[in-house]
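Excluded from the calculations below are hydrogen atoms, water molecules and symmetry mates; all remaining heavy atoms, backbone and side chain alike, are included.
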Amino acid sequence: LFDVLINHIRRSPANFHVPGHKQGQAFDEAGKEWFASVLQLDLTEIGELDDLHHPQGAIWEAQRLAAAAFRAEHTLFLVGGTTAGNLATILHLCRPGEEIIVQRNCHQSVFHGCMMAGAKPVFLPIEFDHNGMEEPLDPDSVRQMIQKYPRAKGVVITSPSYFGIVQNVREIAQVCHAHQMPLIVDEAHGAHLGFHPRLPQSAIDQGADVSIQSTHKLLTSMTMSSMLHTQGERVKIGEIMRWLRMIESSSPSYPLMASLDLARRWIATRGFEELERLLTSLDHFRGNVKNYSFIKEVSVLNPRDPLKLTLVADHGVSGYAMADWLNKQGIFIELADHQKVLFVFSVGTRESDLVRLDRVLKRLDEEIPRFPIQPRIDFPRFSIHTQAKVEFDELRRRQRRWIPLSSAVGEIATEMITPYPPGIPLVLPGEELREEVISFLSEVIRLGGNVRGIRYSGTPSVEVLV
Ligand SMILES: Cc1ncc(COP(=O)(O)O)c(C=O)c1O
């Protein structure tokens with residue numbers, strides 16, 4: 001696709017189609033300096049450039065090459081991120097009123113998919129350790145849920161998690177398939193998996209029916225570009241494409257699609273050697289972290305992605321405070337919560353970046369005893385119910401009102417309440433607001449965390465059912 005795009009540009013000195021910037025000829029002067037090369041690639045479905053929603057040429061070929069590289073049967077390029085892939089897959093699997101088994105701490109897009117499809121999510125319970133790191137699902141709990149909800153249209157899990165915890169996809173897939181259910185893995189954080197023996201295997205390699213990967217997160221394509229991989233007969237690729245035509249723009253971005261093509265070529269041809277270099281540098285870096293006095297890497301017993309590093313500090317120092325301090329030194333990280341900070345590395349991380357980070361973290365480590373001490377707050381348990389109290393569809397018909405968060409115990413939430421990042425809804429629409437969740441959210445807001453679904457100009461307030 002990239003080669004076809006470049007050939008096209010060489011053959012076409014002027015164009016008489018959209019987009020109106022005409023490959024950058026009309027564009028803000030100050031912006032031009034930064035955008036110029038990308039604007040040249042920003043074309044539309046003309047000449048040999050094919051059509052994402054009906055691919056027969058260069059895009060078809062690029063997707064075929066991606067399927068081969070990621071060892072899938074089919075691969076679709078997504079220009080609406082993994083969000084679009086989650087939505088389209090759930091819309092394909094579920095009709096209104098049908099059940100789907102969903103890991104309770106899935107990304108919000110999974111729940112949005114259920115809302116759009118009118119599906120009833122039933123939740124796989126999930127446990128967290130004292131650092132707020134999730135415990136992987138027990139395949140037996142998946143089996144029990146399938147036995148309880150045998151008519152469910154599929155099982156949706158997340159692997160790896162934001163913090164890099166990897167599920168036992170192989171066994172979960174076997175359980176699902178023994179009951180003729182498709183397994184969908186939100187692998188937004190796992191596009192690099194399977195490209196080096198020291199990394200966990202990818203979901204597709206372990207038997208998942210669908211895996212949706214944010215190629216833009218851990219590999220090298222542009223933001224908003226993802227891939228959806230499928231194998232087997234339990235899902236219909238043509239049906240997923242039909243839903244994608246409804247969800248995504250009818251003018252998909254060529255820079256995004258070409259960047260997916262290049263990310264595929266890069267990881268397929270250079271992946272092993274680049275990952276080898278990165279993993280060796282990270283071993284050395286982690287060795288240095290072990291020598292810090294107050295800051296520690298959160299250790300987990302379960303398999304995890306070595307490209308994620310989660311740090312906590314002694315003395316009850318919050319992740320928000322550490323992230324603020326790091327921002328002031330020009331170090332911007334993926335995520336902070338009340339306990340910890342998360343660093344994401346990738347094949348784009350250079351040795352010199354790690355040397356600088358180590359230097360700054362050493363200084364942070366020395367500063368930690370002077371940080372204000374926070375009382376410990378534990379991550380609340382998710383609701384133990386396997387279904388929301390009020391279903392999504394009924395919620396739309398009921399009246400709502402805003403009330404202070406502090407007086408909302410026992411009320412039914414109408415919107416997702418989602419600390420962001422990581423974007424995992426703590427409360428779903430239709431769920432009861434429990435006391436422990438409210439005190440946790442109040443504390444997160446007080447410490448400076450961002451919570452979607454709460455209005456916090458003045459007193460934090462929340463929308464509930466009348
Ligand atoms: C687990 C998970 N799934 C899906 C998404 C959405 O991915 P995208 O940003 O590619 O739409 C995210 C984004 O953070 C995520 O963390």
Side-chain angles (χ1 to χ4, degrees), residues 1-7 9 37-38 40-41 58-79 81-82 85 159-160 164 166 185 187-206 211-229 231 253-286 303-309 334 343-358:
L1 176 58
F2 174 71
D3 293 342
V4 169
L5 203 50
I6 299 305
N7 282 340
I9 292 166
S37 52
V38 176
Q40 283 203 46
L41 303 174
I59 295 177
W60 183 88
E61 179 64 6
Q63 293 185 150
R64 192 189 63 77
L65 288 168
F70 290 84
R71 295 174 295 282
E73 236 163 82
H74 300 284
T75 292
L76 300 177
F77 284 2
L78 305 172
V79 290
T82 293
S159 181
V166 179
V185 180
E187 208 172 26
H189 297 274
H192 58 306
L193 299 191
F195 284 99
H196 190 281
R198 279 185 62 197
L199 295 178
Q201 285 190 320
S202 72
I204 283 288
D205 282 341
Q206 295 186 72
S211 130
I212 307 140
Q213 300 179 326
S214 296
T215 322
H216 66 94
K217 287 191 195 293
L218 271 290
L219 283 185
T220 52
S221 68
M222 284 171 69
T223 296
M224 283 183 84
S225 63
S226 285
M227 293 190 199
L228 183 149
H229 310 292
Q231 60 188 352
S253 155
Y254 277 85
L256 294 192
M257 292 187 283
S259 79
L260 282 170
D261 192 28
L262 294 176
R264 184 272 311 158
R265 181 159 81 187
W266 202 87
I267 195 70
T269 55
R270 294 181 49 183
F272 177 83
E273 138 207 7
E274 293 288 339
L275 283 162
E276 178 76 14
R277 172 194 60 75
L278 174 69
L279 290 166
T280 309
S281 305
L282 285 176
D283 286 344
H284 183 237
F285 175 76
R286 279 194 160 88
R304 63 156 188 200
D305 175 9
L307 273 50
K308 299 281 176 83
L309 175 84
E334 177 67 19
F343 298 79
V344 176
F345 306 111
S346 82
V347 280
T349 304
R350 293 160 301 185
E351 177 75 37
S352 55
D353 302 331
L354 293 175
V355 169
R356 174 155 178 261
L357 180 60
D358 177 39

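The stretch residues 68-77 participates, sequence neighbours left out, in these salt bridge (Lys or Arg N to Asp or Glu O under 4.0 Å) pairs: Arg71-Asp205.
Residues satisfying the ring pair (Phe, Tyr, Trp, His ring centres under 6.0 Å) test with His74, not counting sequence neighbours, are none. Legend: residues meeting side-chain hydrogen bond (donor to acceptor under 3.5 Å, both in side chains) with Glu61, ordered by chain and number and at least two apart, are Arg64. For the side-chain contact (heavy atoms from CB on, under 4.5 Å) test, residues two or more places apart in sequence or in another chain that qualify with Ala203 are Val169, Val185, Glu187, Ala208, Ser211. Remark: Arg356 pairs with no residue by the salt bridge (charged side-chain N to carboxylate O under 4.0 Å, His left out) rule, at least two apart or across chains. Partners of Ser221 according to the side-chain contact (heavy atoms from CB on, under 4.5 Å) rule, which considers only residues two or more places apart in sequence or in another chain, are Thr215, His216, Ser225, Ser259, Leu260, Ala263. Annotation: side-chain contact (heavy atoms from CB on, under 4.5 Å) contacts of Pro200 (sequence neighbours excluded): Val166, Leu193, Pro306. In this view, His192 satisfies the ring pair (Phe, Tyr, Trp, His ring centres under 6.0 Å) rule with no residue, not counting sequence neighbours. With sequence neighbours excluded, the residues forming a side-chain contact (heavy atoms from CB on, under 4.5 Å) with Val4 are Glu48, Leu49, Ala58, listed by chain and number. Residues satisfying the ring pair (Phe, Tyr, Trp, His ring centres under 6.0 Å) test with Phe77, not counting sequence neighbours, are none. Residues satisfying the salt bridge (charged side-chain N to carboxylate O under 4.0 Å, His left out) criterion with Glu334, sequence neighbours excluded, are absent altogether. Every residue meeting the ring pair (Phe, Tyr, Trp, His ring centres under 6.0 Å) condition with Phe345, not counting sequence neighbours, appears here in chain and number order: Phe285.
For the atom pair CG (Asp261) and CG (Leu256), the distance works out to 13.0 Å, reported to the nearest 0.5 Å. Here the CG-CG distance, from Leu309 to Leu354, works out to 10.0 Å after rounding to the nearest 0.5 Å. Considering CG of Leu199 and CZ of Arg304, their distance stands at 12.5 Å, rounded to 0.5 Å.
Here the side chain of Arg264 pairs no donor or acceptor atom with the backbone of Gln63 at under 3.5 angstrom. Looking at Asp353, its side chain does come within 3.5 Å of a backbone N or O of Arg350 through a donor-acceptor pair.
When ring centroids are compared, Phe195 and Phe70 come within the 6.0 Å threshold.
Classification of Arg198 and Asp305 as a salt-bridged pair fails, no side-chain N sitting under 4.0 Å from a carboxylate O.
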